[in-house]
Structure formats: structure tokens, C-alpha cells
**Student:** 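The structure that follows is given in the form of C-alpha cells.
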Amino acid sequence: MDKCGAIATSPATGPPRCSPPTRTCGGTHHLRPSRRPRHCFSLSLDLDNVVESKDGTISVASAFAGHQEAVQDRDHKFLTKAVEEAYRGVECGDGGPFGAVVVCNHEVVVSCHNMVLKHTDPTAHAEVTAIREACKKLGKIELSDCEIYASCEPCPMCFGAVHLSRIKRLVYGAKAEAAIAIGFDDFIADALRGTGYYQKANMEIKKADGSGALIAEQVFEKTKEKFQIFSGDVPIWAKR
């Protein structure tokens with residue numbers, strides 16, 4: 001007998017049958033006490049939307065549809081909050097019309113907006129600010145159990161911050177062109193698209209050589225033991 005209470009298959013007994021329904025298992029075979037499907041299933045579905053057919057099989061299409069609708073509703077709620085932050089930042093004079101919300105377990109961790117003008121900091125974008133504040137609040141540098149909602153498509157810097165924080169899901173509203181249309185840097189459209197179409201290099205970039213390069217490279221070798229405190233025997237950077 002398995003954990004759900006189904007009896008193992010044997011030539012004598014035929015296909016497994018479900019035991020009398022209980023509340024100890026989340027399996028869909030406990031949907032209707034009076035009628036049981038032929039086999040024992042354990043699916044993470046919205047049971048209210050699972051339909052049992054006449055032959056005892058289960059239709060999961062409506063369950064997935066219900067799940068997708070719930071996700072869309074949740075995304076809309078948190079994205080709306082990010083948009084509200086974008087308006088708030090402009091009204092306060094803190095920065096451009098960009099907002100971001102970090103969510104964990106369906107709860108808002110932080111809700112932030114662009115702070116470039118207030119902090120006189122060109123890196124204080126909404127997403128970066130939200131990630132900084134979320135890390136402080138949660139007391140950790142990895143947000144792998146979190147999602148981020150951004151009012152606009154993230155620029156390369158913000159996308160890099162999202163990636164480095166290990167955030168598991170990004171949802172954004174407006175395309176970068178909406179921001180470009182009112183005068184924001186056009187290179188912001190390159191991050192998620194993996195292109196360099198809009199990028200413009202307005203600076204000289206040179207890699208040092210000789211002793212300068214050598215002493216810079218030695219920093220990593222001479223400090224690698226210090227980073228083992230973050231992740232046991234393997235430095236955290238070695239996992240990337």
C-alpha cells in the first residue's frame with residue numbers, strides 16, 4: 001500500500017484502486033467521496049476545477065485554466081502596485097516614472113520607485129532600489145524565493161541586478177520603447193532581448209596589461225578563502 005492508500009497492482013487484483021477518501025492526502029482522488037477515479041493520482045491542482053468523467057478519468061484542462069487565471073490576477077495586482085510606485089516617484093520628484101515590487105510567498109516584501117534624482121545616483125533605478133531594500137529586509141543576498149514586478153522593461157543594469165540576486169521570476173509591464181519615446185536612453189531595450197541594437201559605446205574601453213593586470217588578477221587568488229563563509233567549502237563565485 002502506498003502513501004495515498006492505493007493497493008499495489010497484482011494479477012489477482014488488477015489495476016490499483018483508491019482507498020476510502022481521507023483528508024491526509026492532497027490527491028485528486030479524494031475529490032468526491034461517493035465516486036472514485038480508477039487510479040490514484042497526486043497532482044498539485046485546484047481541486048474545485050477538476051472534473052471527473054463518466055468512465056472515472058479526470059479532466060485537468062479546467063484546473064490548469066483556473067490556475068492560469070489566478071496567476072494572471074496575482075500578476076495584475078502586483079504589477080499595478082509597481083505602476084503606482086512609478087507615479088509616486090514622479091509626484092515626489094524622486095526620479096523617473098519607474099516602479100518595482102519584490103514579492104515573496106505572494107506577499108509584498110518591498111515596493112520602490114526610481115530614486116535617481118533624490119539620491120543623485122544614476123544607479124538608483126526602481127529595480128535596483130527594490131532589490132537592495134529587499135535584501136536588507138530579508139537579511140540575505142540571494143532572493144531565489146522571490147519575484148520582481150517592474151513597471152517597465154528593465155535596462156541592462158537592472159536586469160543584471162535581477163540576475164545576480166537569483167530572483168526566480170520577472171514580470172514587467174511597458175516595453176522599453178514607451179520610455180525611449182519620452183527621452184530615456186534607448187539602450188535599455190537591449191537587456192531582455194539579448195541584442196546590441198540600441199547600444200552606443202560613448203567611451204573608450206581598454207583592458208590593462210602588464211603589472212596592472214597582474215596585481216588586479218591576484219586579488220581573487222588572495223581573497224578567495226574569505227568568501228567560503230557564504231557557502232561552505234565552495235566560494236559563492238565559483239558556483240556561477
Side-chain angles (χ1 to χ4, degrees), residues 71-72 74-79 81-83 85-86 89 95-116 119 121-180 184-203 205 207 216-217 219-220 223-224 226-240:
V71 170
Q72 289 176 350
R74 183 168 62 88
D75 286 350
H76 178 75
K77 179 178 72 172
F78 292 130
L79 186 58
K81 192 168 185 64
V83 171
E85 278 290 341
F98 303 93
V101 175
V102 174
V103 174
C104 183
N105 296 324
H106 311 302
E107 297 291 336
V108 173
V109 178
V110 294
S111 182
C112 302
H113 53 256
N114 186 289
M115 304 287 281
V116 168
H119 294 329
D121 179 1
T123 71
H125 289 196
E127 298 93 327
V128 172
T129 301
I131 289 170
R132 288 171 177 167
E133 294 302 316
C135 287
K136 290 178 183 177
K137 186 171 182 178
L138 298 175
K140 56 185 181 180
I141 60 173
E142 290 193 357
L143 305 176
S144 57
D145 55 348
C146 297
E147 302 167 280
I148 189 167
Y149 292 81
S151 63
C152 183
E153 181 178 346
C155 73
M157 178 187 70
C158 291
F159 181 73
V162 172
H163 175 72
L164 289 173
S165 68
R166 304 294 194 269
I167 284 177
K168 66 180 180 180
R169 187 166 180 260
L170 162 67
V171 178
Y172 70 93
K175 288 185 177 181
E177 280 76 10
I180 294 170
F184 286 92
D185 290 338
D186 52 9
F187 79 95
I188 68 176
D190 290 327
L192 300 184
R193 306 175 194 188
T195 69
Y197 181 79
Y198 288 102
Q199 290 184 11
K200 299 176 182 178
N202 296 317
M203 70 184 81
I205 301 174
K207 181 189 178 301
E217 291 171 357
V219 171
F220 298 104
T223 63
K224 63 182 180 180
K226 300 290 184 181
F227 294 96
Q228 292 179 1
I229 61 175
F230 293 112
S231 57
D233 296 331
V234 181
I236 191 169
W237 52 265
K239 293 183 176 181
R240 296 175 182 172

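What you are looking at is a predicted structure, and each value in this text was computed from that prediction instead of being measured. Sequential numbering from 1 along the given sequence is applied to the chain's residues.
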**Student:** More than 12 non-hydrogen atoms from neighbouring residues, nucleotides or ligands closer than 6.0 Å to NZ on Lys140, yes or no?
**Tutor:** yes
**Student:** Please give me the minimum heavy-atom distance between Cys152 and Phe98, naming the atom from each residue.
**Tutor:** CB-CD2, 3.8 Å
**Student:** Do you know which of Val101, Ile167, Val171, Leu143 makes side-chain contact (heavy atoms from CB on, under 4.5 Å) with Ile148?
**Tutor:** Ile167
**Student:** Could you tell me whether the side chain of Asn114 and the main chain of Val116 form a donor-acceptor pair under 3.5 Å?
**Tutor:** yes
**Student:** Kindly indicate whether the side chain of Val110, heavy atoms from C-beta on, has any atom under 4.5 Å from the side chain of Glu85.
**Tutor:** no
**Student:** So, taking the atom named SG in Cys146 and the one named CZ in Arg169, what distance separates them when rounded to the nearest 0.5 Å?
**Tutor:** 13.0 Å
**Student:** I need the single residue from Lys168, Arg74, His106 that forms a side chain to side chain donor-acceptor pair (under 3.5 Å) with Glu147. Which is it?
**Tutor:** Arg74
**Student:** Would you say Leu170 and Pro154 make side-chain contact, with heavy atoms under 4.5 Å?
**Tutor:** yes
**Student:** Considering residues at least two apart in sequence or located in another chain, which fulfil the ring pair (Phe, Tyr, Trp, His ring centres under 6.0 Å) criterion with Phe78?
**Tutor:** Tyr149
**Student:** Roughly how far, to the nearest 0.5 Å, is the SG atom of Cys104 from the CG atom of Leu138?
**Tutor:** 6.5 Å
**Student:** Can you name the closest pair of heavy atoms from Cys112 and Glu133 and give their distance?
**Tutor:** SG-CG, 4.1 Å
**Student:** Does His119 NE2 have over 12 foreign heavy atoms under 6.0 Å away?
**Tutor:** yes
**Student:** Nearest 0.5 angstrom please: Ser151 OG to Leu79 CG, how far?
**Tutor:** 7.5 Å
**Student:** In Å, rounded to the nearest 0.5 Å, how long is the span from CD of Glu153 to CZ of Phe159?
**Tutor:** 10.0 Å
